[in-house]
Amino acid sequence: MKRVAILGGGPAGAFAAERLASAGLNVLLFDEKLAWEKPCGGGLTHKAYSQYPFLIQNPTPKRFVTETVLSAPKSGPVTLKLDDPVVIYSRFDLNRLLLERAEHAGAQIEKTRVSEISRQGSRWRLRTTSGNADADFCIVATGARNPLRNVATQLTASDTVSALGYYVPGDQANIDIQFLPHLEGYIWIFPRCGHLSVGIAGKGEPASALRKRLEHYMLERGMSYQHGSFYSHLLPSLDTASWKNNRVAGEGWMAVGDAAGLVDPITGEGLYYAIRSADLAARALLSEVSSLAEKVKQYRASLQRDFMSDLEFGSRLAKRFYLGKYLFGAVPARMVQFTRRSPRFRSVMQDLFSGRQSYQELKTRLLQNLKGSLYEIVMSFGFSRVVPRKAG
Ligand SMILES: Cc1cc2nc3c(=O)[nH]c(=O)nc-3n(C[C@H](O)[C@H](O)[C@H](O)COP(=O)(O)OP(=O)(O)OC[C@H]3O[C@@H](n4cnc5c(N)ncnc54)[C@H](O)[C@@H]3O)c2cc1C
């Protein structure tokens with residue numbers, strides 16, 4: 001293989017470029033903006049930086065947050081201590097860090113927009129705003145708004161979520177997560193270096209309605225959105241049926257990150273999956289198997305094994321998680337109450353935040369813990385003198 005073209009230089013494209021260039025391939029990365037403040041919370045979980053330690057071992061400014069305050073209607077707030085901090089970057093800084101690493105590894109980086117790619121025999125012809133280029137293989141990393149119709153995931157309206165918010169002046173030590181009535185999503189406040197990122201994401205609700213909900217919330221908390229800088233973007237959130245036919249790779253190409261729809265349908269976490277999928281794509285391309293078709297097959301299989309089946313499972317839980325009822329109350333409210341009153345449940349929540357707890361194993365863990373959690377909840381109401389201590 002003479003040349004790999006990488007279309008898009010966000011976290012997914014930049015990391016794939018670094019991996020492939022480090023292995024000695026001729027890598028050409030195209031991005032129309034290069035490092036930019038992509039609308040994003042910028043939060044990285046323990047799952048991401050424990051597997052890719054360079055994400056914390058670098059001099060780039062970042063925040064380490066060890067507390068999250070969760071709130072839901074009718075439940076009030078609860079503070080959840082995080083044993084594994086969430087690390088928060090500005091996206092300009094994170095993108096620049098990753099692009100610099102790619103360049104240092106030997107990737108050639110060009111600031112230009114790719115407008116079209118077409119097959120010419122077994123090669124690719126790329127049309128960009130600054131001319132044409134050829135490549136033997138394409139990594140598609142153009143994000144959720146991929147303009148190239150012939151490659152990567154085809155997101156329908158029901159496979160996306162509107163995500164929007166404001167960067168506002170301010171500082172706080174903790175992350176805030178606020179659940180809202182009848183919303184398949186949530187509001188967040190992320191403390192960043194020098195400002196706060198306050199945002200909302202919700203499935204099935206138009207951006208204008210989400211914006212109203214967010215502005216109402218900010219006003220209630222005395223936060224002035226008028227002096228903030230507004231941001232909005234699409235977030236992939238694949239419906240369960242869409243995972244089955246998700247177009248993650250094809251003849252001569254692999255899609256990574258948002259362009260492949262690889263975002264957690266419950267939390268909206270996408271940075272880890274962008275980096276992880278880029279790593280898996282690079283490994284497949286560099287693998288021993290000789291034919292490109294085999295490498296593509298290997299990428300599909302490794303994605304499925306590594307995390308895609310868990311994300312698919314998560315998509316089945318999402319509606320129940322945000323809109324379902326448990327013990328006559330809304331699930332988010334119960335979750336906040338259980339977090340407050342049960343140390344076992346709190347530990348499940350900590351593992352969910354750090355990425356240690358998969359969705360596929362969540363139900364079993366919750367069921368195993370149920371008796372103990374309920375016991376802890378009853379005890380927390382001060383029944384210790386009337387209920388004999390038996391449950392394990
Ligand atoms: C509001 C919001 C908040 C979020 N918060 C978090 C969070 O806190 N934590 C988290 O883990 N995830 C979060 N996400 C998700 C996360 O932002 C994405 O999953 C992540 O950016 C995906 O990385 P990527 O490299 O696949 O795509 P992107 O970061 O979107 O990068 C795509 C790149 O491709 C370039 N590009 C696109 N088209 C072309 C073209 N035709 N030619 C050349 N270049 C092109 C763009 O300029 C861009 O740089 C959030 C998303 C949103 C919308």
Side-chain angles (χ1 to χ4, degrees), residues 5-17 28-45 47-49 55 63 65 86-92 94-96 98-99 102 109-117 126-130 133 138-149 151-153 160-167 175 177 185-190 192 197-202 207 210 214 230-237 255-264 267-278 281 311 353 355:
I6 306 215
L7 321 177
F15 194 57
L28 190 50
L29 180 149
F30 302 96
D31 193 292
E32 58 184 334
K33 297 182 188 147
L34 293 180
W36 65 295
E37 194 52 64
K38 192 244 161 196
C40 183
L44 283 167
T45 57
K47 180 170 58 182
Y49 61 78
L55 289 169
R63 289 284 297 259
V65 180
V86 172
V87 178
I88 305 180
Y89 281 93
S90 107
R91 279 299 302 273
F92 178 86
L94 180 63
N95 283 24
R96 187 171 55 183
L98 289 159
L99 283 166
I109 295 179
E110 228 183 273
K111 185 175 182 186
T112 189
R113 179 177 172 79
V114 180
S115 50
E116 196 184 318
I117 65 169
L126 281 65
R127 186 179 297 170
T128 77
T129 38
S130 49
C138 282
I139 300 278
V140 187
T142 40
R145 290 196 177 130
N146 169 38
L148 308 167
R149 307 308 326 156
V151 285
T153 297
T160 59
V161 167
S162 286
L164 54 93
Y166 291 92
Y167 301 119
I175 290 174
I177 302 286
Y186 61 93
I187 285 177
W188 67 86
I189 303 179
F190 274 21
R192 285 174 155 202
S197 169
V198 188
I200 185 167
L210 289 172
L214 181 67
F230 181 71
Y231 61 82
S232 77
H233 208 281
L234 274 188
L235 189 59
S237 176
V256 290
D258 280 16
L262 303 174
V263 172
D264 184 317
T267 62
E269 178 181 11
L271 288 170
Y272 167 72
Y273 300 106
I275 288 167
R276 184 71 187 154
S277 58
L311 294 188
F353 264 85

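Residue numbers count from 1 along this sequence. Remember, it's a predicted structure, so these values are computed and weren't measured experimentally. Every heavy atom of this structure was used, including side-chain atoms; hydrogens, water molecules and symmetry mates were not. Whatever order the structure lists them in is the order used to number ligands and atoms, beginning at 1.
- Side-chain contact check for Leu210 versus Ser232: every heavy-atom pair is 4.5 Å or farther apart.
- Under 4.0 angstrom from ligand 1, there are no non-hydrogen atoms of Arg145.
- For atom 21 (O) of ligand 1, the closest heavy atom belonging to the protein is Arg91 NH1, 2.8 Å.
- Within the 4.5 Å cutoff, side-chain heavy atoms of Arg91 are placed close to those of Pro11.
- The proximity of Thr142 to ligand 1, defined as any non-hydrogen pair under 4.0 Å, involves the side chain as well as the backbone.
- Of the protein's non-hydrogen atoms, the one nearest atom 19 (O) of ligand 1 is Asp258 OD1, 2.6 Å.
- Interface atoms of ligand 1 facing Gly8, defined by a heavy-atom separation under 4.0 Å, are 34 (O), 35 (C).
- Environment of CZ in Arg127: sparse, with no more than 12 heavy atoms of neighbouring residues, nucleotides or ligands closer than 6.0 Å.
- The parts of Pro11 lying near ligand 1 are both backbone and side chain, judged by heavy-atom distances below 4.0 Å.
- Residue Cys40 touches ligand 1 through backbone and side chain together, judged by heavy-atom distances below 4.0 Å.
- Applying the side-chain contact (heavy atoms from CB on, under 4.5 Å) test between Pro236 and each of Thr153, Val263, Asp264 identifies Val263 as the sole match.
- By the side-chain contact (heavy atoms from CB on, under 4.5 Å) test, Val86 is found to be paired with Leu82, Ile88, Ile175, residues two or more places apart in sequence or in another chain being considered.
- In this comparison of Gly41, Gly261, Gly9, Gly270, the heavy atom closest to atom 3 (C) of ligand 1 sits on Gly41.
- Listed by atom number, the atoms of ligand 1 under 4.0 Å from His233 heavy atoms are 53 (C).
- When non-hydrogen atoms are compared, ligand 1 lies under 4.0 Å from the backbone of Ala141 (N, CA, C, O) but not from its side chain.
- Heavy-atom contacts of Gly268 reach the following atoms of ligand 1: 12 (N), 13 (C), 14 (N), 15 (C) (cutoff under 4.0 Å).
- Residue-ligand proximity, Gly143 to ligand 1, at heavy-atom distances under 4.0 Å covers atoms 27 (O), 30 (O), 32 (C).
- The ligand atoms of ligand 1 that sit less than 4.0 angstrom from a heavy atom of Thr112 are 43 (C).
- Residue contacts with ligand 1, taken as heavy atom pairs separated by less than 4.0 Å, involve Glu32 via backbone and side-chain atoms alike.
- If you number the atoms of ligand 1 from 1 as listed, the ones under 4.0 Å from a heavy atom of Trp36 come out as 47 (O), 48 (C), 49 (O).
- Residue-ligand proximity, Gly10 to ligand 1, at heavy-atom distances under 4.0 Å covers atoms 25 (O), 31 (O), 33 (C), 49 (O).
- Every atom of ligand 1 is numbered from 1 in the order shown, and the set under 4.0 Å from a heavy atom of Gly43 is 7 (C), 8 (O), 9 (N), 10 (C), 11 (O).
- Residue-level proximity to ligand 1 for Asn146 is absent, since no heavy atom of it falls below 4.0 angstrom.
- In this structure, the side-chain contact (heavy atoms from CB on, under 4.5 Å) partners of Ser237, at least two apart in sequence or on a different chain, are Val161, Lys203, Pro265.
- Distances between N or O atoms of Leu235 and those of ligand 1 include no value under 3.5 Å.
- With a 4.5 Å cut-off on side-chain heavy atoms, Ser197 and Trp188 count as touching.
- When non-hydrogen atoms are compared, ligand 1 lies under 4.0 Å from neither the backbone nor the side chain of Tyr273.
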